[in-house]
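Working notes, structure below.
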Amino acid sequence: FCCWMKSTFFVLLCFVFACYGAEVLRPRECEVWRCGFEYTIEWDTEDLESTVDIELWEDDVLIDQIAVETENDGSYKWVMPFYQIKSGEDCVPYIFIHSSSGYSSSYFITGEDAAASDGFDLRNPITWGNANNDSPVNFVDTLFKARWSGEIVDSYEIEYREVGDSDSKTVSHDSDRREFEDIDEEVISGLKPDTEYEMRMRYEIDGDRSEYTEYQRFRTYAKLECTDELLSTWFSLEVYDNIRTGEKKYPDFCGDWEISFGYVSSSDFVAGYTDRDSGRIIVAWRGTESDNIEDAIDNLGLLIDCDNAVAINDNDCSLSSGFGFNYVASQSAILLDLIEDSIEAGFVKLISTGHSQGGALATVAALDYAARYGDEIEVKLINYGAPEVGNSVFVNYVLDLIPNIIRFVQVDEVGEPDEVSLLPSSLSFNIGGDAFLFSQLPSNTIEELPCPSDCRTHGFGPIPPFYCHCMKGYW
């Protein structure tokens, strides 16, 4: 309904301006304009005062004030900034021009001192991050990874330097985005720990090179200790991005980590990271993507027998059908083969980890691994903001078979935990019989972390639950 109202508003706006007063001539309807290039906004000067203001709107939301009190001469050259808004062929953004003085807020009735363009196709080939993490970089102590989405173009250039240093280094990147990948990325190593850097980008299309984005600043961490917790957090963050079997893309970071297994589908990502030097295997499961309906459906499920998914033969043990079937469908047999090969090669520790839905899948996986291989390799479970996965019998098996469990949960100032860590019991009120009787791992498995301000959201309703759930907050 809201989308219909916005569309109706825009159609009415364009109808009024077509009938009255001045007219915006460019951009034309659905004309492609790309961020980082110069364009000329053109308009009919009739009925406007001597100076005009020029604005960019998306539906009924002001995005930017392009010019204030510029001469009403019918044209304005504009290098379009790298707006971090959704772009595409829906032709929603439009240019709005009105008289600087004498402008009436009732323009939509009179149309005499304002004009709006048709919606145009605004494209940004360098849109920072993706749906779950809009940061332009992931970084550690000695490397960073530039990460961007948006329209795929011919090539990109990344320029970076220490803040205050005039000497820059550049790296070229030809887009190699694959099916089910929503970003391009480039890892750059050899950085100094605890040092402030800045990075910017530009792109090339059809032989033309754009302007640069604004600099994006970040400070590398002081020298990091390569603990299980640190690496689990890093790979739980990284698995939201591109994972490709055989890649070694983190040079000189806590060993020689290789993606020995990567499974990618429209709703599931899981990666097996291995480091021979430390003898560790880390299996990281991706959490729910906020713009993926298949992911949301995967979070739903009734309790089913555990032996549908894991090596536990007990009719009283039950786990979520959504998480259980998802675990099996994510090429779990190939992962089990990798684990067996690693055990034979002398690996000593197996860590199952993930955030949100990924934390739930990590719990299912850790129980399966422990039931199968607990006598041959140390199994550890580390998850972040994970919901409940099974019934009380399932929980007891997890506690009995997995010796090391850490559940990181973000809390607010008064100790209220992220609502996701209480689901689904917090919503079901034990209604529906045994099929809804989920249980959470006990409080002695929790490590609480303060909620970062940019991770805070609230649910719907008169008493909305508290959510502090973004993975970058844990990192």
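Remember, predicted model here, so these are calculated numbers, not experimental data.
Using a cutoff of 4.0 Å between basic side-chain nitrogens and carboxylate oxygens, Glu185 and Arg147 are not scored as salt-bridged. Ionic pairing of Arg200 and Glu211 is not present here: no N-O contact between side-chain nitrogen and carboxylate oxygen is shorter than 4.0 angstrom. Under 4.0 Å is where a charged nitrogen must lie from a carboxylate oxygen, and between Asp206 and Arg34 no such pair does. Ion pairing between Arg177 and Asp184 holds under the 4.0 Å rule for side-chain N and carboxylate O.
Under a cut-off of 6.0 angstrom, the local environment of CG in Asp165 is crowded, with over 12 non-hydrogen atoms contributed by other residues, nucleotides or ligands. Within a 6.0 Å radius of CG in Asp252, no more than 12 heavy atoms belonging to other residues, nucleotides or ligands are found.
For the pair Leu336/Asp368, a side-chain contact is recorded, criterion being any heavy-atom separation below 4.5 Å from C-beta on. Taking 4.5 Å as the limit, some side-chain heavy atom of Glu55 sits within range of a side-chain heavy atom of Leu62. At least one side-chain heavy atom of Leu122 sits under 4.5 Å from a side-chain heavy atom of Leu56. Counting heavy atoms from C-beta outward, Ser330 and Trp285 have side chains that approach closer than 4.5 Å. Glu181 places none of its side-chain heavy atoms less than 4.5 Å from the side chain of Asp176. Here the side chains of Val310 and Tyr397 are not in contact, with every heavy-atom distance at 4.5 Å or above. Between Thr445 and Leu399 the shortest side-chain heavy-atom distance falls below 4.5 Å. With a 4.5 Å cut-off on side-chain heavy atoms, Cys468 and Pro452 count as touching.
One distance of note links NZ of Lys145 with CD1 of Ile158; it measures 11.5 Å at 0.5 Å rounding. Within the model, atoms CG of Asp341 and CZ of Phe261 stand 13.0 Å from one another, a figure rounded to the nearest 0.5 Å. A distance of 10.5 Å separates CG of Leu224 from CG of Asp194, quoted to the nearest 0.5 Å. If you take OG on Ser155 and NE2 on His173, they are separated by 9.5 Å, rounding to the nearest 0.5 Å. If you take OH on Tyr373 and CD1 on Ile281, they are separated by 10.0 Å, rounding to the nearest 0.5 Å. With rounding to the nearest 0.5 angstrom, the CD1 atom of Ile446 is 7.0 Å from the CD atom of Gln440.
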**Asked** After noting the C-alpha distance and the side-chain angles of Phe139 and Arg219, does the key distance pass the side chain to side chain contact (heavy atoms under 4.5 Å, CB included) rule?
**Response** CA-CA 8 Å; Phe139 60 91; Arg219 176 176 287 276; 5.7 Å; no
**Request:** Check step by step if ring pair (Phe, Tyr, Trp, His ring centres under 6.0 Å) holds for Tyr240 and Phe269.
**Result:** CA-CA 7 Å; Tyr240 277 101; Phe269 281 33; 8.7 Å; no
**Request:** Decide salt bridge (charged side-chain N to carboxylate O under 4.0 Å, His left out) for Asp241 and Lys249; before the verdict, give the C-alpha distance in whole Å, the side-chain angles of both, and the deciding distance to 0.1 Å.
**Result:** CA-CA 12 Å; Asp241 293 349; Lys249 63 181 184 181; over 6 Å; no
**Request:** Carefully, step by step, assess Asp134 and Lys472 under the rule side chain to side chain contact (heavy atoms under 4.5 Å, CB included).
**Result:** CA-CA 10 Å; Asp134 59 4; Lys472 66 180 180 180; 3.2 Å; yes
**Request:** Report the C-alpha separation of Arg217 and Val163 in whole Å, then their side-chain angles, then the decisive distance to 0.1 Å, and conclude whether the side chain to side chain contact (heavy atoms under 4.5 Å, CB included) test is met.
**Result:** CA-CA 8 Å; Arg217 288 192 175 185; Val163 172; 3.6 Å; yes
**Item:** Residues Trp33, Phe120; criterion ring pair (Phe, Tyr, Trp, His ring centres under 6.0 Å); working and verdict
**Value:** CA-CA 7 Å; Trp33 284 19; Phe120 68 102; 5.5 Å; yes
**Request:** For side chain to side chain contact (heavy atoms under 4.5 Å, CB included), just list the numbers for Asn404 and Ile351, CA-CA rounded to whole Å, side-chain angles, deciding distance to a tenth of an Å, and then say yes or no.
**Result:** CA-CA 10 Å; Asn404 294 305; Ile351 302 168; over 6 Å; no
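Between the side chain of Ser175 and the main chain of Val153, no donor-acceptor pair closer than 3.5 Å is present. Not one N or O on the side chain of Ser210 forms a donor-acceptor pair closer than 3.5 Å with the backbone of Arg202. For Gln331 (side chain) and Ala329 (main-chain N/O), no donor-acceptor pair under 3.5 Å exists by modelled atom type. At least one donor-acceptor pair closer than 3.5 Å links the side chain of Tyr94 to the backbone N or O of Asp59. Counting only distance, with no hydrogens or angles, the side chain of Asn391 and the backbone of Val393 share a donor-acceptor pair below 3.5 Å. In terms of modelled atom types and a separation under 3.5 Å, the side chain of Thr220 and the main chain of Thr142 share no donor-acceptor contact.
For the residue pair Leu303 and Ser320, the shortest heavy atom distance occurs at CD2-N, 3.9 Å. The shortest heavy-atom contact between Pro387 and Ser356 is CD-O, 3.4 Å. Pro417 approaches Val411 most closely through the heavy-atom pair CA-CG1, 3.8 Å. Between Glu419 and Ser426, the closest heavy-atom pair is OE2-OG, 2.7 Å. Val379 and Ile402 make their closest contact through O-CG2, 3.8 Å (heavy atoms, listed as atom of the first residue, atom of the second, distance). Heavy-atom minimum distance, Ile183 versus Ser149: CG2-CB, 4.1 Å.
Cysteines Cys226 and Cys254 place their SG atoms closer than 2.5 Å to one another.
You'll find the ring centres of Trp128 and Phe82 outside the 6.0 Å limit. Phe218 and Phe144 have their aromatic ring centers within a separation under 6.0 angstrom. In this structure, the ring of Trp475 has its center no less than 6.0 angstrom from the ring center of Tyr384.
Side chains of Asn383 and Thr363: a donor on one and an acceptor on the other come within 3.5 Å. Tyr273 and Glu238 share no side-chain donor-acceptor pair at under 3.5 Å.
Each of Thr233, Val239, Leu237, Leu231 was checked for a side chain to side chain contact (heavy atoms under 4.5 Å, CB included) with Phe235, and the lone residue meeting it is Leu231.
In this structure Arg161 satisfies the side chain to side chain donor-acceptor pair (under 3.5 Å) test together with Glu198, Tyr215, sequence neighbours excluded. Residues meeting the salt bridge (Lys or Arg N to Asp or Glu O under 4.0 Å) test with Lys248, sequence neighbours left out: Asp256.
A perpendicular orientation is assigned to the rings of Tyr203 and Phe37, their planes being inclined by more than 60° (bins at 30° and 60°).
Among residues at least two apart or in separate chains, side-chain hydrogen bond (donor to acceptor under 3.5 Å, both in side chains) pairs with a member in residues 408-418 are Glu413-Arg456, Asp418-His469.
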